[in-house]
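Below is one structure, written out as structure tokens; comments come after it.
One-based numbering, in listed order, for ligands and for the atoms of each.
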Amino acid sequence: MGFKLCTIASGSSGNCVYIGSPKVNLLVDAGISGKRIQNGLEIINVNPKNIDGILITHEHIDHIKGAGILSRRFDIPLIANKNTWEAIDEMERGIGKINPNNRIVIEKEKDLIFKDLIIYSYSIPHDAADPVGYTFICQNKKISIATDLGHINSHIKNNIRESNLILLEANHDIDMLKTGSYPYYLKRRILGKNGHLCNEMAGKVLVDVFHKDLKAVILGHLSKENNYPDLAYMSVRNELISSGIEVDDKIELTVASRDEISKIFEI
Ligand SMILES: [Zn+2]
Ligand SMILES: [Zn+2]
């Protein structure tokens, strides 16, 4: 049993990622219905009762929609930083009542050692209370999750460096967004410093953090309106190839489906 990641859903309409080490089962976000998450876990043979915790990146609904339901149904701890908890509590349609024992507050930028896993959360620029990305280290292997990125800064790059597997946002194609049907204020939000990451920037980040042991990259959190899986894939692939990185030989590059479970990536 190795160190695994599987996307149950990834996109602007809902996010949920499974992370498994030999001793720990986690979810990062639960932004689709509890039922869909249960179905996804069933496909990969993980009993929801054995999920040790749900790590929340931020309080937007596409990341927390099913969190309360799952926590109540299977007695699963929800894990988030203080500001994110406060933001969730203030929401009109939040996640419902959570058993105080399952309400775990963690500090970001600090190692959290849980059995055979080191969990670390780092700040990201996004229009939420205190949004974070996560990294996981198990047996000297590293998995990074970096989505909902308004822009890229050195803090993000430093945190996702030396990963063996990265789930990275490739939200939109800038031209599709600009010429598309979204209202002006939404276009501004997405393009803004605290919005979402475009395909081209995703490619540039990967060029920057590439190293010989980066085995797999999953592009995720795609916009339904302003991107296509093939376009995200080709844009990122082109960035990598034009920097001399041979995609198929060196890196397994894939795009996470918005609503279908991915294969299990194991490193
Ligand atoms: Zn968000
Ligand atoms: Zn999101």
H60: its N/O/S atom lying closest to the Zn ion (ligand 1) (atom name):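 This residue's closest N, O or S atom turns out to be ND1.
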
Within-4.5 Å side-chain heavy-atom neighbours: L55 and I119: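 Side-chain contact under 4.5 Å: yes.
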
Aromatic plane relationship, H63 with H58 - under 30° parallel, 30 to 60° tilted, over 60° perpendicular: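 Rings of H58 and H63: tilted, as their planes differ by 30° to 60°.
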
Parallel, tilted or perpendicular, as decided by the 30° and 60° cut-offs, for the rings of Y134 and F136: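 Ring orientation of F136 relative to Y134: parallel.
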
Shortest-distance N, O or S atom of D62 relative to the Zn ion (ligand 2):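 D62's closest N, O or S atom to the Zn ion (ligand 2) is named OD2.
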
Proximal heteroatom of D148 relative to the Zn ion (ligand 2) (N/O/S):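 Looking only at N, O and S atoms of D148, the one nearest the Zn ion (ligand 2) is named OD2.
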
Opening angle between NE2 in H63 and NE2 in H221, taken at the Zn ion (ligand 2), to 10 degrees: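 The two atoms form an angle at the metal of about 110°.
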
Shortest non-hydrogen contact between E252 and K263, atoms and distance: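 Answer, listing the atom of E252 first, then K263: OE2-NZ, 2.8 Å.
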
Gap between atom CG of D29 and atom NE2 of H60 - 0.5 Å precision: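 Reported value, rounded in 0.5 Å steps: 11.5 Å.
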
N, O or S atom of H126 closer to the Zn ion (ligand 1) than 2.8 Å: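 For H126, the answer is yes, given that an N, O or S atom comes within less than 2.8 Å of the Zn ion (ligand 1).
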
